[in-house]
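A quick note: this is a predicted structure, and the numbers were derived from the prediction, not measured. Values below: every heavy atom of this structure, side chains too, minus hydrogens, waters and symmetry copies.
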Amino acid sequence: MAPPAAIFEQVHSSDSAPFKSTFEKNALPINGTKSKTLQEMAEKWDQGFTFAPIRESQVSRAMTRRYFKDLDTYAESDIVIVGAGSCGLSAAYMLGKARPDLKIAIVEASVSPGGGAWLGGQLFSAMVMRKPADAFLIDLGIPYEDEGDFVVVKHAALFTSTLLSKVLSFPNIKLFNATAVEDLITRANADGTLRIAGVVTNWTLVTMHHDDQSCMDPNTINAPIIISTTGHDGPFGAFCVKRLVSMQQIEKLGGMRGLDMNTAEDAIVKRTREVVPGLIVGGMELSEVDGANRMGPTFGAMALSGVKAAEEALKVFDERKAQNAY
């Protein structure tokens, strides 16, 4: 099934209409002052154009005040998503839609969220998704070409930028990028088993220099549910499951197997689950746990693993929240 025809509405070229007429005509008021429209400014750049005055400290305070307010607000979160690749962002999107009452923090080590989903395979532009992952594209309103058993988005960046913009528009979701998860917060259950109860964070640049600088202690976020989607093994990849091994919560990692698209995508989606109480693992990080195959440049499993991770989180959320009350 292809997306609704409205998604493919033809955009008129600039040759068919005056440039000024394409601008939005309604100005947005800012602090009670009516702003100019683009149409009002067009072709008048040498007729008294200037920006509104500002003092440098105003910029500093505007950024700092909001960031520290977010740190305070999300120090106690309902769900933390580790990794803002295609799987983590898909989980965030589904959670944001389903539960606007929950505080959801996304922690991403890179400055730029999106993981490897800005391009297709071998640095090519197009993104391939096998059906039925086209359902996720339809939900996002992303156009694609239907090739029968799979669909093609003209540029992977169109998928990632659309998904990212929708996630960031949710008022209950905060993205902390350039921030690394250095450890997991743990609690002992009454039966002696371990439960994950939050994450330990630091600036990524600090995390990268622990070996050549003096001790730089971290920060923390408490949350009853952690969704880890940090990708396959790498400098920051598979972090949470590797930490489970060092904490003796799982014996060893299965290790990602060779590329087999048909086997890999089904396995990743179906096995997305709570690996230990409080920690749900999805995407390619899961392949390191289960010894699953990699799927290479096809992205449907990443999106639908995120969808399933959100479902799994909501199934156990009330139970984990009650356990995490102390």
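Grouped with Leu119 in one hydrophobic cluster are Leu123, the linkage being side-chain heavy-atom contacts under 4.5 Å among Ile, Leu, Val, Met, Phe, Trp and Tyr residues. Met63 forms part of a hydrophobic cluster together with Ile54, Val59, judged by ILVMFWY side-chain heavy-atom separations under 4.5 Å. Through direct or indirect side-chain contacts shorter than 4.5 Å among Ile, Leu, Val, Met, Phe, Trp and Tyr, Tyr67 is connected to Phe68, Leu71, Tyr74, Phe176, Trp203, Val206, Met216. If you chain together ILVMFWY residues whose side-chain heavy atoms come under 4.5 Å of each other, Val200 ends up grouped with Ile185.
Applying the side-chain hydrogen bond (donor to acceptor under 3.5 Å, both in side chains) definition to pairs two or more places apart or across chains, those involving residues 189-198 are Asn189-Thr193, Asn189-Arg195, Asp191-Thr193. Applying the side-chain hydrogen bond (donor to acceptor under 3.5 Å, both in side chains) test to pairs two or more places apart or on separate chains, those with a residue in residues 281-303 are Ser228-Glu285, Thr230-Glu285, Glu265-Thr298, Arg273-Asp290. Sorted by first then second residue, the salt bridge (Lys or Arg N to Asp or Glu O under 4.0 Å) pairs that include residues 164-182, not counting sequence neighbours, are Asp70-Lys174. Within the structure, the ring pair (Phe, Tyr, Trp, His ring centres under 6.0 Å) test picks out no pair touching residues 298-325 (sequence neighbours left out).
The neighbour count for Lys321 NZ, taken as heavy atoms of other residues, nucleotides or ligands under 6.0 Å away, does not exceed 12. Within 6.0 Å of CD on Gln47 lie more than 12 heavy atoms contributed by other residues, nucleotides or ligands. Within a 6.0 Å radius of CE in Met261, more than 12 heavy atoms belonging to other residues, nucleotides or ligands are found. Counting heavy-atom neighbours within 6.0 Å of His155 NE2, excluding the residue itself, gives a total above 12. Around CD of Gln58, the count of heavy atoms belonging to other residues, nucleotides or ligands within 6.0 Å exceeds 12. No more than 12 heavy atoms of other residues, nucleotides or ligands lie within 6.0 Å of CD in Gln122, so this atom counts as exposed by the packing criterion. Counting heavy-atom neighbours within 6.0 Å of Asp101 CG, excluding the residue itself, gives a total above 12.
Counting only heavy atoms from C-beta outward, the side chains of Arg271 and Val281 never approach each other to under 4.5 Å. Inter-residue side-chain proximity for Thr207 and Leu205 is flagged as unmet; no heavy-atom pair is nearer than 4.5 Å. Here the side chains of Val199 and Val82 are in contact, with some heavy-atom distance below 4.5 Å. Put simply, the side chain of Val275 does not reach to within 4.5 Å of the side chain of Val241, judged on heavy atoms. The closest side-chain heavy-atom distance from Pro113 to Leu175 is below 4.5 Å. At least one side-chain heavy atom of Leu279 sits less than 4.5 Å from a side-chain heavy atom of Leu244. With contacts defined as side-chain heavy-atom distances shorter than 4.5 Å, the pair Glu147/Val152 qualifies. A heavy-atom distance below 4.5 Å is not found between the side chains of Val153 and Met129.
How far CG of Asn219 is from OG1 of Thr201: 4.5 Å, rounded to the nearest 0.5 Å. A distance of 7.5 Å separates CD1 of Ile227 from CD1 of Ile225, quoted to the nearest 0.5 Å. A distance of 9.0 Å separates CG of Leu137 from CG of Leu158, quoted to the nearest 0.5 Å. Rounded to the nearest 0.5 angstrom, Leu89 CG and Ile173 CD1 are separated by 9.0 Å. Here the straight-line distance linking atom CD1 of Ile280 with atom NZ of Lys315 works out to 9.5 Å at 0.5 Å rounding. With rounding to the nearest 0.5 angstrom, the NZ atom of Lys69 is 9.5 Å from the CG atom of Asp72.
Transitive grouping of hydrophobic side chains (ILVMFWY, heavy atoms separated by less than 4.5 Å) keeps Ile142 and Met302 in distinct clusters. By the criterion of side-chain heavy atoms lying less than 4.5 angstrom apart, applied directly or through intervening Ile, Leu, Val, Met, Phe, Trp or Tyr residues, Ile221 is grouped together with Phe239 in one hydrophobic cluster.
Phe159 pairs by the ring-ring contact (aromatic ring centres under 6.0 Å, His included) definition with nothing, not counting sequence neighbours. Every residue two or more places apart in sequence or in another chain was checked for a ring-ring contact (aromatic ring centres under 6.0 Å, His included) with Phe150, and none qualifies. With sequence neighbours excluded, no residue forms a side chain to side chain donor-acceptor pair (under 3.5 Å) with Asn172. For Phe136, the ring-ring contact (aromatic ring centres under 6.0 Å, His included) partners at least two apart in sequence or on another chain are Tyr93.
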Audit row: Ile106, Val167, side-chain contact (heavy atoms from CB on, under 4.5 Å) steps and yes/no: CA-CA 10 Å; Ile106 308 172; Val167 167; 3.8 Å; yes
Derivation of the side-chain contact (heavy atoms from CB on, under 4.5 Å) call for Arg320 and Glu274: CA-CA 11 Å; Arg320 298 289 174 251; Glu274 190 179 40; 2.8 Å; yes
Would Arg243 and Ser246 count as a side chain to side chain donor-acceptor pair (under 3.5 Å) here? Give the steps. CA-CA 5 Å; Arg243 189 68 179 98; Ser246 64; 2.7 Å; yes
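Side chain of Ser60 to backbone of Glu56: no donor-acceptor contact under 3.5 angstrom is found. A donor-acceptor distance shorter than 3.5 angstrom exists from the side chain of Thr160 to the backbone of Ala117, with no hydrogens or angles considered. Although no hydrogens or angles enter the test, the distance criterion places no donor-acceptor pair under 3.5 Å between the side chain of Thr179 and the main chain of Asn202. For Lys103 (side chain) and Ile79 (main-chain N/O), no donor-acceptor pair under 3.5 Å exists by modelled atom type. Remark: side-chain polar atoms of Ser165 are paired, donor with acceptor, to backbone N or O of Thr162 under 3.5 angstrom. Side-chain atoms of Lys154 never come within 3.5 Å of backbone atoms of Tyr144 as a donor-acceptor pair (strictly under, hydrogens ignored). Within the 3.5 Å criterion, the main-chain N or O of Gly88 finds no donor-acceptor partner in the side chain of Ser90. The main-chain N or O of Ala84 is found under 3.5 Å from a side-chain atom of Glu108 such that the two form a donor-acceptor pair.
For the side-chain contact (heavy atoms from CB on, under 4.5 Å) with Ile81, the lone residue among Leu95, Val107, Ile226 that qualifies is Leu95.
Residues Arg130 and Asp149 are not paired through a salt bridge, judged by the lack of any N-O separation under 4.0 Å between the basic side chain and the carboxylate. At a threshold of 4.0 Å, the pair Lys97-Asp139 counts as salt-bridged, since one of the basic side-chain nitrogens sits closer than that to a carboxylate oxygen.
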